[in-house]
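First the structure, in the form of structure tokens, and then the observations on it.
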Amino acid sequence: MNVGQSNEIAKSLDKAGLGAPAERLYHVCYRDGDELRMISVWESEEALRAFFDQLARTAVDLEMTEIARTEPAIEEVHHIIDGSQ
């Protein structure tokens, strides 16, 4: 996903009231060459999958089918260190 695609999807999700789901605890977006990569921490795999289904539908609506076909890599979090502590 590139910056333009990310911004377009984010705008569409925000417009639908889905841009900041309560179940998403953390979200980081970073560059990997010309592409963007994202890491998100969710309360549950079910919450992630529900959001990802909506994200995929949004990508299809925006004619970004390659993004819609992407499967998230799901890993279990061992621990989180909050920098404010």
Side-chain angles (χ1 to χ4, degrees):
M1 175 182 314
N2 64 41
V3 172
Q5 291 170 319
S6 176
N7 290 343
E8 195 171 347
I9 288 172
K11 182 189 277 188
S12 185
L13 289 170
D14 283 342
K15 192 174 183 179
L18 302 167
E23 299 88 357
R24 186 175 60 201
L25 305 176
Y26 300 94
H27 178 75
V28 176
C29 180
Y30 65 95
R31 285 187 185 272
D32 182 9
D34 292 337
E35 296 288 313
L36 293 179
R37 304 281 183 226
M38 286 126 195
I39 298 173
S40 295
V41 178
W42 291 81
E43 286 182 356
S44 68
E45 183 176 338
E46 294 78 19
L48 161 67
R49 291 206 179 273
F51 176 79
F52 203 81
D53 287 347
Q54 182 60 47
L55 186 143
R57 285 192 293 276
T58 299
V60 167
D61 291 346
L62 297 172
E63 299 180 2
M64 298 179 196
T65 55
E66 72 283 355
I67 294 169
R69 290 191 302 259
T70 303
E71 268 298 308
I74 299 173
E75 303 289 341
E76 187 173 325
V77 173
H78 175 66
H79 71 274
I80 296 173
I81 299 172
D82 185 337
S84 65
Q85 296 180 1

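We find the CH2-CD1 distance between W42 and I74 to be 11.0 Å, quoted to the nearest 0.5 Å. Expressed to the nearest 0.5 Å, how far CD of Q5 lies from CD of E63 amounts to 12.0 Å. Between atom CG of residue L18 and atom CD1 of residue I9 there is a gap of 13.0 Å, rounded to the nearest 0.5 Å. Rounded to the nearest 0.5 Å, atoms CD (E8) and OG1 (T58) are 11.0 Å apart. To the nearest 0.5 Å, atoms CG (L13) and CZ (R57) are separated by 10.5 Å. In this structure, the separation between CD on E75 and CD1 on I39 is 10.5 Å, given to the nearest 0.5 Å.
By the 6.0 Å contact criterion, CG on D34 is open, its count of non-hydrogen atoms from other residues, nucleotides or ligands being 12 or less. Around CD of E66, the count of heavy atoms belonging to other residues, nucleotides or ligands within 6.0 Å exceeds 12.
No side-chain donor-acceptor contact under 3.5 Å links R24 to the backbone of A47.
With hydrophobic clusters built from ILVMFWY side chains whose heavy atoms lie under 4.5 angstrom apart, M38 shares a cluster with L55.
Put simply, the side chain of F51 does not reach to within 4.5 Å of the side chain of E23, judged on heavy atoms. Between Q54 and P21 there is no side-chain heavy-atom pair separated by less than 4.5 Å.
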TODO: Give the C-alpha distance, both sets of side-chain angles, the deciding distance and a yes or no for side-chain contact (heavy atoms from CB on, under 4.5 Å) between S12 and L62.
DONE: CA-CA 9 Å; S12 185; L62 297 172; 4.2 Å; yes
- [ ] Begin with the C-alpha distance, continue with both residues' side-chain angles, and end with the deciding distance and a verdict on side-chain contact (heavy atoms from CB on, under 4.5 Å) for L36 and R31.
- [x] CA-CA 5 Å; L36 293 179; R31 285 187 185 272; 3.8 Å; yes
Open item on the list: Let's go through M1 and T70 carefully: what are the C-alpha distance in whole Å and the side-chain angles of both, what is the deciding distance for side-chain contact (heavy atoms from CB on, under 4.5 Å) to 0.1 Å, and is it a yes or a no?
Closed with: CA-CA 10 Å; M1 175 182 314; T70 303; over 6 Å; no
